[in-house]
Colleague: 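First the structure, which I've put down as structure tokens, then a few questions once you've had a look.
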Amino acid sequence: KAGVTQTPRYLIKTRGQQVTLSCSPISGHRSVSWYQQTPGQGLQFLFEYFSETQRNKGNFPGRFSGRQFSNSRSEMNVSTLELGDSALYLCASSLEGGAKNIQYFGAGTRLSVL
Amino acid sequence: GENVEQHPSTLSVQEGDSAVIKCTYSDSASNYFPWYKQELGKRPQLIIDIRSNVGEKKDQRIAVTLNKTAKHFSLHITETQPEDSAVYFCAASISGAGSYQLTFGKGTKLSVIP
């Protein structure tokens, strides 16, 4: 079974631009969560999607948004990029979310904002 | 919301010694506590998890203990090996109706010295 796939792996953008990141979950997984990883801050929860609905959202500004398609693939969008948005963005999929289901992570998209 | 504190932030041990990483959580409703290992440049991978109805769980050289009263849980690695060198993250989740969110600690960088 293929693992969680994130594209692209690397991105370089300039301040003010917007960016879209993609995540394809493990086949059969319906829950996709997104995290921002920065040095010293660990993994910070952005949002979780299940069956095309956002179920939970972390403490990030409205510039961060996402969506999930009917095939469970998910995209994350960041508008009006700031230098502080430079980070590794990880997505994780699980069967249905919830404490019964293990989250499997993708390799991440490393975003650099110049 | 949930807050997870993780200590120490860095840990160096001699090969063959034991390593202990401790985490505390704030929300008594949390019921699932996974530990992830992230090697340099790789994705986080689940190494062990524990649920709130269990006090201890062991898998070969790795064990996790949970004290619900004190709201803390710990990772124990015995007979450490150089390949155990990585960043370890603890996490806690509250699973409610239609909601799922993993809150991570900031990580512990473990170095095993040969």
Side-chain angles (χ1 to χ4, degrees), chain A residues 2-7 9-10 23-26 29-60 66 68 87-110, chain B residues 1-10 21 23 25 27-54 57 59 66 68 73 86-109:
Chain A
V4 179
T5 303
Q6 290 188 247
T7 56
R9 291 296 312 279
Y10 303 93
C23 173
S24 293
I26 292 172
H29 284 194
R30 296 164 64 192
S31 169
V32 174
S33 297
W34 288 89
Y35 298 87
Q36 182 193 66
Q37 185 175 24
T38 54
Q41 290 299 313
L43 288 82
Q44 294 183 284
F45 175 79
L46 282 155
F47 26 66
E48 187 239 356
Y49 285 88
F50 178 78
S51 291
E52 302 179 64
T53 300
Q54 185 183 91
R55 291 200 295 193
N56 208 358
K57 190 177 193 304
N59 189 26
F60 277 82
Q68 187 180 35
L88 180 66
Y89 290 89
L90 293 161
C91 79
S93 76
S94 66
L95 278 170
E96 296 183 353
K100 294 184 180 179
N101 300 140
I102 296 170
Q103 286 196 340
Y104 296 89
F105 282 86
T109 294
R110 184 164 296 281
Chain B
E2 174 67 279
N3 182 51
V4 176
E5 299 283 340
Q6 183 172 348
H7 299 281
S9 56
T10 60
I21 302 171
C23 291
Y25 60 99
D27 196 323
S28 56
S30 289
N31 55 8
Y32 176 59
F33 307 92
W35 286 86
Y36 283 83
K37 174 184 180 182
Q38 187 176 30
E39 296 176 64
L40 190 63
K42 296 191 176 180
R43 70 191 72 192
Q45 292 196 306
L46 180 75
I47 55 171
I48 196 167
D49 57 10
I50 192 167
R51 303 182 192 280
S52 59
N53 59 345
V54 175
K57 184 177 179 181
D59 182 4
L66 171 65
K68 286 190 295 181
F73 55 114
V87 179
Y88 292 80
F89 294 97
C90 63
S93 83
I94 304 169
S95 180
S99 176
Y100 177 52
Q101 175 176 337
L102 267 181
T103 301
F104 284 85
K106 293 186 178 181
T108 296
K109 183 177 181 181

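In what follows, every heavy atom counts, from backbone to side chain, and hydrogens, waters and symmetry copies are set aside. In what follows, every chain begins at residue 1, and chains take the letters A, B, ... in the order their sequences are listed.
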Colleague: Count the heavy atoms belonging to other residues, nucleotides or ligands that lie under 6.0 Å from NZ of A:Lys57, then report whether that count exceeds 12.
Modeller: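 It does: A:Lys57 NZ has more than 12 such atoms within range.
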
Colleague: Take a 6.0 Å sphere around CD of B:Gln45 and say whether it holds more than 12 heavy atoms from other residues, nucleotides or ligands.
Modeller: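 At most 12 heavy atoms, drawn from other residues, nucleotides or ligands, come within 6.0 Å of this atom.
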
Colleague: For a side chain to side chain contact (heavy atoms under 4.5 Å, CB included) check, start with the C-alpha distance between A:Gln103 and B:Leu102, then their side-chain angles and the critical distance, and finish with the verdict.
Modeller: CA-CA 9 Å; A:Gln103 286 196 340; B:Leu102 267 181; 3.2 Å; yes

Colleague: Please flag which part of B:Pro34 lies under 4.5 Å from any non-hydrogen atom of chain A: side chain, backbone, both or neither.
Modeller: neither

Colleague: What part of B:Tyr36 gets closer than 4.5 Å to chain A, counting heavy atoms only: side chain, backbone, both or neither?
Modeller: side chain

Colleague: Kindly give the heavy-atom pair with the smallest separation between B:Arg43 and A:Gly106, and that separation in Å.
Modeller: CB-O, 3.1 Å

Colleague: With sequence neighbours excluded, tell me which residues meet side-chain hydrogen bond (donor to acceptor under 3.5 Å, both in side chains) with B:Tyr88.
Modeller: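 Scan of B:Tyr88 (side-chain hydrogen bond (donor to acceptor under 3.5 Å, both in side chains), adjacent residues dropped) gives none.
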
Colleague: Can you give the donor-acceptor pairs under 3.5 Å from side chains of residues 36-45 of chain A to other protein atoms, not counting sequence neighbours?
Modeller:
unit_1	atom_1	unit_2	atom_2	d
A:Gln36	NE2	A:Tyr89	OH	3.0
A:Gln37	OE1	B:Gln38	NE2	3.2
A:Gln37	NE2	B:Gln38	OE1	2.7

